[in-house]
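Whatever order the structure lists ligands and atoms in, that order sets their numbers, starting from 1.
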Amino acid sequence: MSTLITNIGELVTNAPDAGDDAAPAGPGRFAALADAALVVEDGRVAWTGPAARAPAADHMADCGGRAVLPGFVDSHAHLVFDGERSAEFAARMAGTPYGAGGIRSTVAATRKASDGRLRATAFRLAAEMLRQGTTTLECKSGYGLTVDDERRSVAVAAGITGEVTFLGAHVVPPEFEADPGAYVDLVCGPMLAACAPHARWIDVFCERGAFGADEARAILAAGRAAGLMARVHANQLGPGPGVLVAVEAGAASADHCTYLTAADVDALAAGATVATLLPGVEFSTRQPYPDARRLLDAGVTVAIATDCNPGSCFTSSMSLCIALAVREMRLTTQEAVWAATAGGARALRRADVGHLGVSARADLVLLDAPSHAYPAYRPGVPLVAAVWRAGELVAGAVPAA
Ligand SMILES: [Zn+2]
């Protein structure tokens, strides 16, 4: 069965650069077509081009001149938890600084919660993301921090996405405060063994107050030996070794990158590690934003994600993150939309999402707006009119043509 989605005022494709053998597989640069159409067949993009030259299809949908983007790829989220921290947020806005230790209150609540309760929260947040146009999401564990609580956290995450990240190394839990080395051994040993079957990635919070460079290296190496690929929470709360550890480990992504030295930027530019920026965190913790322009101008691949979590940033809105990236980090509207789609795909090493080139998964967002600039131009306004995932309309409605 084929569907022709037509009368698209602006179609952002990020299609792979044709004939460029040096380009990595997957999304290319920002690219958009005016007055376009797209054909979906068997859940994949089968054709894109001018609406006037569109081939016939079994079904037709009329976008009424509005814009279509690739589905957002949110490559950094923590959706498996219980409890909420609005009081901590309110205190922070009243002047209390944010520290890594706040995670521990969520850990205590998560350990007490039933599997069903954790599953219900994760599903609710994933559905909330989908309605807002996020068709691919990554989800981390990291609020269990015992073998059994981490195992059930990655199992819950695997129920909502294939991009599951084992983050036993989120923070040292209180019961290991006197012996953090023993906790690292637990993470690299029995906890990893219990979690690896449910996960694709391993992550470590490499930060003062969490895990140091040598601990992070050991954790990533153990993950790699168990078949997991690396990503790192790096340089969020201050300068530190996280970015260099990530690049050296061949991590797909170094996330946060709020405090960078020249050596960090050079390493990211020379390596294959994506810098994933999480501007909702700086917004919600009143920290300075990362210097995205410096990264982009150095040739670093930049992604934007939400970091949706109950502590440092509880937004699930990629549109808000795009608006922050444009307004606060000086990305162009094209760069921000690219970072939220193709950039996220690169951060997850996915060639099939983040773009609408032929054979990509047909993940599409129809905006109630004529151009890709609107999520930044009209911040906070719900502009997602419809969402398709793998060619199936999963949110909103579109008139048949
Ligand atoms: Zn995070």
(message) Please report, to 10°, the angle around the Zn ion (ligand 1) from atom NE2 (His76) across to atom NE2 (His78).
(response) 100°

(message) Using a distance threshold of 2.8 Å, state whether an N, O or S atom of His233 lies below it from the Zn ion (ligand 1).
(response) yes

(request) Please determine if the Zn ion (ligand 1) has an N/O/S atom from Asp307 lying under 2.8 Å away. (result) yes

N/O donor to acceptor pairs below 3.5 angstrom from side-chain atoms of residues 121-133, sequence neighbours left out:
unit_1: Thr121; atom_1: OG1; unit_2: Arg117; atom_2: O; d: 3.3
unit_1: Glu128; atom_1: OE2; unit_2: Ser316; atom_2: OG; d: 2.6
unit_1: Gln132; atom_1: NE2; unit_2: Glu128; atom_2: O; d: 3.0
unit_1: Gln132; atom_1: NE2; unit_2: Ser316; atom_2: OG; d: 2.9

(message) Measuring only between side-chain heavy atoms, which start at C-beta, is Val265 closer than 4.5 Å to Arg294?
(response) yes

(request) Could I get the full list of side-chain contact (heavy atoms from CB on, under 4.5 Å) partners for Ala193, not counting sequence neighbours? (result) none

(request) Please work out which of the three classes, parallel, tilted or perpendicular, describes the rings of His256 and His76, given edges at 30° and 60°. (result) perpendicular

